[in-house]
There are 2 protein chains.
Amino acid sequence: MTSSRRFGRRDSETSLAILDATERVMRAEGYGAVTSRRVAEEAGIRQGLVYYYYETMDEVLLACFQRRSAQALARYESEVRSERPVHAIWDDLTNTIDARLVFEFVALANHHEGIREEVNRFLVKTRRLEAETIRKEAEARGVDLAPATPAAIAFLMYAATLVLASESSTGVTEGHDDVRALFDWMLKRFE
Amino acid sequence: MTSSRRFGRRDSETSLAILDATERVMRAEGYGAVTSRRVAEEAGIRQGLVYYYYETMDEVLLACFQRRSAQALARYESEVRSERPVHAIWDDLTNTIDARLVFEFVALANHHEGIREEVNRFLVKTRRLEAETIRKEAEARGVDLAPATPAAIAFLMYAATLVLASESSTGVTEGHDDVRALFDWMLKRFE
DNA sequence: GTCTATACACCGATAGAC
DNA sequence: GTCTATCGGTGTATAGAC
C-alpha cells in the first residue's frame, strides 16, 4: 500500500533548509516541537512542502541525525590522522559536539527504532575508532595507561564532554574545572 | 487571571497513581508521550481527572521529578552515613537511578524552565554532597587521589553511570566493562 | 472525587491547482 | 517545485452532571 506521492531530492536547497530548521527547533524547543508546521515556519516555506521532500516527520528527524553523524564521523577520521589525534578528538568533543542536540537524539532513540539504530551504529563506530587511536598513540609514545584502558578512556571522554556541555548550557558547573584539569593531565601524557 | 478550578490533594492515591503512570509512559515512550490522555489511560482513570489534581501537564512533569529527586536525595543522605559511603553512592547510581528517566528529564530541562531549575538544584546539591563524602573518606583512609579530586570523581561517577545505563538500555556496551573495571579499581582504594 | 461532554488549537498527511 | 485547501485525529483545558 505504497503512496503515489513523489519526492524531491535530498540534496536540494529546500531540503537542506528543512534540516537546518529542524536542528534549530530541536535545540531551542526539543524534539516535541519538531512538527511540520513549526519546521516549515522556521525554514520560511509552507507546511505542505515538507512532505514533498520527506515522507513523514520521522524521516525528517532521521535525515537530520544522519547528516550530523556523517559530518562528525568525517571530522573524526580526519582527526585521528592528525599529529596529536587524542588532543584533536578531545577538542572536537569539547567544542564541536552540540550536547543539547545529542541529548534530544538519545532521548528520541529510547522510543524510536530508526533513530536508535543510527545512534547505536554511530556510537559503536566512533568509540572503536577513538579507542584504537588511543591504543596506538599510547603504544607509540610508551604511555602506560593502567589501570585505565583505551576503551575506558574513549568512553569517559565522550561521557564527560557530553555532561560537561549539557550542564554548562543550563548553568551547572559544579566540579567542571576539576574534571577538565584531570583530562588535561591525561592529555599531557600523550605529548 | 487565575482559574476558578479546585484541585485535589497531591498525596492522594489517585494523584500518586498519576505520577506512577507518568513515569511508566516516560520510560517507555519518552516525554513527548506524556499527554493527559495517555497518562490517564495508563493510570486507569479518565482524561479529565488529571486536571482535577494538576493544573497543567507541565505541573505533572514537575511533580514527577520532584518526587523522584526527593527520594534520591533521602537515599544519598542515608548512604553517606553508611560504613562504605563511596561504594554505597556508586551502587545507588548504578542500580537505583533510572538513567532513561534522567535522560528524559535533562532533555526536558533544556527547554522547560521549571524542570531546569529543579534539575539544577538537585545536581548541585548531590554533587557537593558526594564530593564532600569522597574528600572525607580519602582523608580518613589516607588515600591520595591525585591527579583527580573529590569533585572530579563525583562528576565522573555521575556522568559514567548515566551514560552506561543509557547505552545499555539501547544495546550499546562498547567499553562498558573497561569503565566498570576502572571504577572498581578506584573503589578498592576506599576499602 | 470521578465522570461525560465539549471548545478550540494543532498536527500529520494527502489532493490538486498553478 | 511550491502553493492552498482539507481530512481525521489528538492535544489541552474547562464546564457541569452525578
Side-chain angles (χ1 to χ4, degrees), chain A residues 1-22 24-26 28-64 104 107-108 111-115, chain B residues 1-22 24-26 28-64 104 107-108 111-115:
Chain A
M1 213 64 108
T2 43
S3 166
S4 62
R5 275 162 59 209
R6 293 290 179 74
F7 301 99
R9 297 177 56 88
R10 288 288 173 91
D11 57 358
S12 67
E13 202 173 329
T14 305
S15 174
L16 295 175
I18 290 170
L19 298 189
D20 292 340
T22 301
R24 287 198 297 276
V25 172
M26 220 167 155
E29 302 163 48
Y31 68 75
V34 177
T35 67
S36 58
R37 286 174 170 80
R38 184 75 191 78
V39 166
E41 182 194 17
E42 187 73 25
I45 58 173
R46 299 291 175 165
Q47 184 253 342
L49 191 51
V50 174
Y51 290 94
Y52 172 71
Y53 289 98
Y54 299 92
E55 195 164 1
T56 63
M57 287 310 292
D58 277 357
E59 283 284 312
V60 175
L61 289 166
L62 194 61
C64 191
E104 290 294 328
L108 255 176
H111 44 90
H112 182 306
E113 182 158 351
I115 299 278
Chain B
M1 212 64 107
T2 43
S3 164
S4 62
R5 274 162 59 210
R6 294 289 179 74
F7 300 99
R9 299 176 56 87
R10 288 290 174 88
D11 57 359
S12 66
E13 202 173 330
T14 304
S15 174
L16 295 175
I18 289 170
L19 298 188
D20 292 340
T22 300
R24 286 198 299 274
V25 171
M26 221 169 157
E29 301 162 49
Y31 70 75
V34 177
T35 65
S36 56
R37 289 182 209 274
R38 185 73 191 80
V39 166
E41 183 194 16
E42 186 72 24
I45 57 173
R46 299 293 175 165
Q47 183 256 341
L49 191 52
V50 174
Y51 291 94
Y52 171 72
Y53 288 98
Y54 300 92
E55 195 164 1
T56 64
M57 286 310 291
D58 278 357
E59 283 284 312
V60 175
L61 289 167
L62 194 61
C64 192
E104 292 292 330
L108 256 176
H111 44 90
H112 183 305
E113 182 158 350
I115 299 278

Rounded to the nearest Å, what distance is computed from the CE atom of residue B:M57 to the P atom of nucleotide D:dG11?
-> 10 Å

Answer with base, sugar-phosphate or nothing: what part of the nucleic acid does B:T14 contact at a heavy-atom distance below 4.0 Å?
-> sugar-phosphate

Stepwise side-chain contact (heavy atoms from CB on, under 4.5 Å) check, B:I18 with B:L49 = CA-CA 10 Å; B:I18 289 170; B:L49 191 52; 5.7 Å; no

Euclidean distance, atom CZ of residue B:R9 to atom P of C:dG1 [Å, nearest integer] | 9 Å

For A:S15 and A:S12, indicate whether the former's side chain and the latter's backbone hold a donor-acceptor pair under 3.5 Å.
-> no

For B:S36, all residues meeting side chain to side chain contact (heavy atoms under 4.5 Å, CB included), sequence neighbours excluded = B:Q47, B:Y51, B:M57

Mind calculating the distance between OH (A:Y53) and C1' (D:dT2) to the nearest angstrom?
-> 8 Å

Could you check how far CD of B:E29 sits from P of D:dG11, rounded to whole Å?
-> 11 Å

Under 4.0 angstrom, heavy atoms only, what part of the nucleic acid is B:Y54 near: base, sugar-phosphate, or nothing?
-> nothing

Do NZ/NE/NH1/NH2 and the carboxylate oxygens of B:E41 and B:R37 come within less than 4.0 Å?
-> no

side-chain N/O B:T35 vs D:dG11 OP1/OP2, d < 4.0 Å = yes

Touch check for A:T56, heavy atoms < 4.0 angstrom, all strands: base, sugar-phosphate only, or nothing?
-> sugar-phosphate

For the pair made of CD1 in B:I18 and P in D:dT12, what is the distance, rounded to whole Å?
-> 13 Å

Would you say a side-chain N or O of A:Y51 is under 4.0 Å from OP1 or OP2 of C:dA15?
-> no

Tabulate protein N/O versus nucleotide N/O from nucleotides 3-6 of chain C, keeping only pairs under 3.5 Å, one per line.
residue: C:dC3; atom: OP2; partner: B:R46; partner atom: N; Å: 3.1
residue: C:dT4; atom: OP2; partner: B:R46; partner atom: NE; Å: 3.2

Rounded to whole angstrom units, what separation is found between the CD atom of A:E59 and the P atom of C:dG12?
-> 14 Å

Is the gap between the ring centers of B:Y31 and B:H111 under 6.0 Å?
-> yes

Phosphate oxygens OP1/OP2 of D:dT2: is one of them under 4.0 Å from a side-chain N or O of A:Y52?
-> no

How many angstroms lie between CD1 in B:I115 and CG in B:L62, if you round to the nearest 0.5 Å?
-> 5.0 Å

Give a yes/no answer on whether the side chain of A:S36 brings an N or O atom under 4.0 Å of OP1 or OP2 in C:dG12.
-> yes

Could you tell me whether the side chain of B:R38 reaches within less than 4.5 Å of the side chain of B:V34, counting heavy atoms only?
-> no

